[in-house]
Amino acid sequence: MIDIKTYGEFKTSWCPGCGNHDVLVAVKEALADQGILPHQFVMVSGIGQAAKIVHYLKCNGFNGLHGRALSPAQAIKLAHPEMTVLVESGDGCTYGEGGNHFLAAIRRNVNITLIVHDNQIYGLTKGQSSPTTMTGHVTKNNPLGVVDQPFNPVAVAVAMRAGFVARTFSGFHEHAVQTIVQAMRHPGFALVDMHSPCISFNKVNTFAWYKARCKEVSHDPKDWATAMTVAQTFGEEIPIGVLFREERPSKDTMLPQCADGALYRKAVDMAAVKRCMLAYA
Amino acid sequence: MPRNRRAWATKELSVHKELHLIMGGEAGQGLDTVSGLLGKAVVRSGRHLLAAQHVMSRVRGGHNNFRLRIGARPVQGPPDSFHLLAAMSRESVDLHKDKLKEPGIILADAAWELPVLPGMVAIPFAELASRPVFRNVALLGVLGAMLGLEASLFEEQLEEQFRAKGDEIVSSNLRVLAAAMKWAAENAPSLPLPESAGASGMLSMDGNQAVVLGALAAGVRFCGYYPMSPATSIAEGLVQAAVEMGVVVEQAEDEIAAANMALGAAYAGARSIVPTSGGGFALMTEAVSLAGVSETPVVFVVVQRPGPATGLATRTEQADLDLVLHAGHGEFPRAILAPATLEDCFYLTHKAFDLAEKSQGPVFVLSDQYLASAVRSVAPFELDGLPSVAGPDLKDSDPENYRRYNWAKPVSPRRIPGHGQSLVLVDSHEHNEAGHIIEDGGTRVRMQDKRLAKMGVLLSEVLPPEFSGDEEPDLLLVGWGSTCEVLREVTARLRASGVKAACLCFTQVWPLIPETFMPHLEAARTVVTVEGNSTAQFAGLLRKTTGFHIHDTVLRYDGRTLTAGFVMERLQPILEAL
């Protein structure tokens with residue numbers, strides 16, 4: 001067990017009481033619990049309040065572009081398979097701008113862990129609806145209430161048989177930590193949809209709202225059909241925990257190019273280049 | 001720059017015997033196979049070759065053509081007129097018969113019962129090839145016999161090509177080949193090839209294949225791509241070599257992901273390449289900007305085709321110079337290399353990886369469809385003499401105090417996460433030396449100045465343009481990228497006809513160092529840029545950089561390859577006004 005102070009203590013620009021603080025502590029504890037030192041992992045993020053987590057953690061970090069966190073993260077793992085790779089960003093970044101990358105990452109099944117700070121609102125841009133905002137929710141850009149149907153990330157992930165699909169709530173500290181640990185231990189792409197309230201711009205989905213609704217699941221996570229049903233439950237009751245789990249080889253373990261570890265260590269084999277060239281004779 | 005390339009590039013053309021062939025027909029008739037097999041046999045027999053293709057964006061039907069220029073000495077741009085037209089469709093006869101030199105030969109199908117034209121040879125394809133699928137091999141046999149090439153030059157290749165399909169297919173092809181060669185020996189005129197140059201061991205490949213070899217020689221480890229003509233074959237070439245050479249090639253869900261993946265891989269230490277064309281590159285520009293601010297080395301190969309938007313998918317143009325020059329928001333240094341020859345495709349791609357690492361940012365190879373797909377003969381590249389490619393800092397000294405953006409020098413030591421104890425933090429926001437977000441003006445200015453100062457690294461390695469011809473010419477032709485070879489040929493022709501002419505060929509279009517070429521511009525009476533676009537983008541860049549107004553332009557933007565004949569025709573009014 002590592003002291004969580006190993007991961008540093010930084011001044012943040014998050015609002016006091018924001019769910020992001022709890023996610024940060026949960027991530028630090030999950031890392032400490034597994035004995036992962038700062039130089040042994042990379043934290044990748046996009047843009048948004050959640051994405052600033054890279055700057056509040058002593059780590060290797062890649063704070064890239066809005067919606068794009070998954071793209072560099074998967075490539076980092078493929079190029080450097082021995083690194084632990086974590087991705088954190090918000091619901092707008094991951095499911096809106098990055099929706100296509102989210103679907104592709106599930107298909108690709110590279111061994112990385114995606115933690116989405118899901119507060120059902122855009123925080124950094126001050127209160128617009130996000131892909132997960134509930135229908136009817138009155139927001140800055142929807143004065144008459146959101147008309148669109150919300151995106152259900154866990155149901156989509158289960159439908160695509162993502163190897164590890166979990167939902168948790170930042171207000172349930174132990175649950176959040178243990179869910180992250182399990183996700184990181186899963187040998188493939190793992191999704192943790194973490195409900196983490198925005199206290200400034202989302203007056204509907206508050207700490208109290210989630211607390212009253214989040215209930216641990218009881219089904220066998222290997223049971224896909226039940227997982228499909230449970231994943232679609234969201235409202236008066238919000239099932240949390242591991243919704244679905246299925247192991248298959250991850251992409252980084254299936255490519256022979258990645259078998260010898262980090263690609264940058266490989267020297268140029270000029271004899272092989274010559275063979276390739278002379279094939280054009 | 002290796003010796004043989006420079007010798008090649010500055011060698012003046014003299015008139016020498018060449019043979020020009022055109023083969024036309026529908027997509028799906030196997031003409032590309034004939035062009036490939038014939039071209040390789042020609043090169044194996046010691047002749048020099050250029051085989052350019054004009055194809056439509058369809059898998060079957062339409063009309064495609066392949067133009068072969070064969071010489072005893074190195075050949076340059078594609079030919080304008082032909083000694084022989086091999087027509088696989090009736091349409092091809094109508095389309096190309098006026099391009100024949102006098103006296104020309106037309107190979108046609110006897111079954112078409114065309115009115116007999118001078119030089120027409122009616123081939124009984126129905127007799128020579130039992131099934132339509134063998135007609136291209138029958139044509140190959142006829143051409144081979146007419147050109148006096150040994151049957152063995154084709155037999156070996158047919159065996160290689162069809163081995164995987166089984167003995168029966170191989171022997172059927174060999175039977176058709178033999179029958180066609182026998183028929184041609186008895187019935188078709190002979191069209192002797194130029195004397196063999198005796199150049200043994202020459203290779204034949206296209207520009208994209210040379211780019212792949214250049215990348216492999218530079219130690220490329222990651223390729224992110226989304227298929228788009230005419231860049232796809234670069235990724236496919238890397239896929240072929242991926243396992244043996246240790247390259248991860250990822251077909252991403254879109255161009256945005258492809259480019260962002262390449263940056264992630266580069267951050268993790270893998271030399272990264274992103275092949276694409278203008279339409280795909282347009283989507284990648286946010287990642288170009290990210291490479292700029294995060295100081296991540298990455299090589300983009302932009303293989304141009306006509307735009308705007310989807311444009312002409314299988315044709316050629318040089319209209320993405322402005323796009324590549326300005327791609328990405330904000331200000332940051334970049335280098336743009338524009339290969340003119342097959343050798344350039346190899347050596348400049350190799351150099352691009354070195355420049356990207358040395359300047360820690362994006363470097364571009366700006367090619368085009370013509371260069372990418374034209375097959376040429378080439379001496380093997382000098383692998384032993386290649387300079388080494390710069391790499392990251394793997395010392396991990398004093399990891400506690402490591403700062404990714406240490407501003408003691410414009411280029412900070414770049415470390416690899418997980419290599420030792422150093423923590424590597426990169427950021428798309430403006431940041432401090434440690435990589436953390438900042439908003440104060442002082443840090444912003446200092447960090448921006450540090451990034452811009454990396455231009456010094458790029459400026460210290462700029463390839464000057466190559467000048468050849470009369471020192472104080474009446475006419476100076478200026479070109480960049482794939483048009484350069486045509487300009488060399490045109491200059492030689494003009495000088496042979498008594499015009500004081502010269503050409504200035506740029507293989508690097510950014511950054512520019514005016515001192516390396518201004519004396520040439522100022523010494524010429526008339527300066528004309530020759531470009532494959534409609535707005536003279538390079539002339540504009542020269543004006544913006546130097547204040548020098550180019551006097552006139554020759555522009556081609558019909559999607560077709562620039563040729564010496566086209567340029568000569570357009571130069572006539574300019575020459576008359578001299």
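Note that these values count all heavy atoms, side chains included, but never hydrogens, waters or copies made by symmetry. Source: prediction; values computed, not measured. Convention: sequence-line order gives letters A, B, ...; per-chain numbering from 1.
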Tell me, for [X] versus chain A, whether the close heavy atoms (under 4.5 Å) come from the side chain, the backbone, both or neither.
| X | result |
| --- | --- |
| B:Met202 | backbone |
| B:Val43 | neither |
| B:Ile416 | side chain |
| B:Val220 | neither |
| B:Ala218 | backbone |

Response to the item:
Ranking B:Leu213, B:Leu216, B:Val293 by heavy-atom pairs under 4.5 Å to chain A gives rank one to B:Leu213
Item to complete: Give, for atom CZ of A:Phe62 and atom CG of B:Leu425, the distance between the pair rounded to the nearest 0.5 Å.
Response: 10.5 Å
Worksheet entry | Max heavy-atom pair count under 4.5 Å with chain B, selected residue of A:Ala262, A:Ala73, A:Gly64 | A:Gly64
Any idea which heavy atoms bring [X] and [Y] closest together, and the distance?
| X | Y | result |
| --- | --- | --- |
| A:Ala79 | B:Ala270 | CB-CB, 4.0 Å |
| A:Val268 | B:Gly219 | CG2-CA, 3.5 Å |
| A:Cys258 | B:Val248 | SG-CG2, 3.8 Å |
| B:Pro417 | A:Val42 | CB-CG2, 4.1 Å |

Worksheet, complete the sentence: So, the part of A:Ile47 with a heavy atom under 4.5 Å from chain B: the answer is side chain
Using only the distance criterion (under 3.5 Å, no hydrogens considered), which donor-acceptor pairs connect chain A with chain B?
unit_1: A:His39; atom_1: ND1; unit_2: B:Gln421; atom_2: OE1; d: 3.3
unit_1: A:His55; atom_1: ND1; unit_2: B:His436; atom_2: ND1; d: 3.1
unit_1: A:His55; atom_1: NE2; unit_2: B:Asp427; atom_2: OD2; d: 3.2
unit_1: A:Asn60; atom_1: OD1; unit_2: B:Val424; atom_2: N; d: 2.8
unit_1: A:Gly61; atom_1: N; unit_2: B:Tyr267; atom_2: OH; d: 3.2
unit_1: A:Gly61; atom_1: N; unit_2: B:Val424; atom_2: O; d: 2.9
unit_1: A:Gly61; atom_1: O; unit_2: B:Tyr267; atom_2: OH; d: 3.3
unit_1: A:Gly61; atom_1: O; unit_2: B:Val426; atom_2: N; d: 2.9
unit_1: A:Asn63; atom_1: N; unit_2: B:Val426; atom_2: O; d: 3.0
unit_1: A:Asn63; atom_1: O; unit_2: B:Ser428; atom_2: N; d: 2.8
unit_1: A:Asn63; atom_1: O; unit_2: B:Ser428; atom_2: OG; d: 3.3
unit_1: A:Asn63; atom_1: OD1; unit_2: B:His429; atom_2: ND1; d: 3.3
unit_1: A:Gly64; atom_1: O; unit_2: B:Ser428; atom_2: OG; d: 2.6
unit_1: A:Arg68; atom_1: NE; unit_2: B:Glu286; atom_2: OE2; d: 2.6
unit_1: A:His80; atom_1: NE2; unit_2: B:Pro417; atom_2: O; d: 2.8
unit_1: A:Asn100; atom_1: ND2; unit_2: B:Asp254; atom_2: OD2; d: 3.0
unit_1: A:His101; atom_1: ND1; unit_2: B:Glu253; atom_2: OE2; d: 2.9
unit_1: A:Arg108; atom_1: NE; unit_2: B:Glu250; atom_2: OE2; d: 2.8
unit_1: A:Arg108; atom_1: NH1; unit_2: B:Glu253; atom_2: OE1; d: 3.4
unit_1: A:Arg108; atom_1: NH2; unit_2: B:Glu253; atom_2: OE1; d: 2.6
unit_1: A:Lys251; atom_1: NZ; unit_2: B:Glu250; atom_2: OE1; d: 3.2
unit_1: A:Lys251; atom_1: NZ; unit_2: B:Glu250; atom_2: OE2; d: 3.0
unit_1: A:Gln257; atom_1: NE2; unit_2: B:Val247; atom_2: O; d: 3.0
unit_1: A:Tyr264; atom_1: OH; unit_2: B:His419; atom_2: ND1; d: 2.6
unit_1: A:Lys266; atom_1: O; unit_2: B:Arg221; atom_2: NH2; d: 3.4
unit_1: A:Ala267; atom_1: O; unit_2: B:Arg221; atom_2: NH2; d: 3.3
unit_1: A:Arg275; atom_1: NE; unit_2: B:Glu244; atom_2: OE2; d: 3.2
unit_1: A:Arg275; atom_1: NH2; unit_2: B:Glu244; atom_2: OE2; d: 2.6
unit_1: A:Tyr280; atom_1: O; unit_2: B:Ser204; atom_2: N; d: 3.0
unit_1: A:Ala281; atom_1: O; unit_2: B:Arg44; atom_2: NH2; d: 3.2

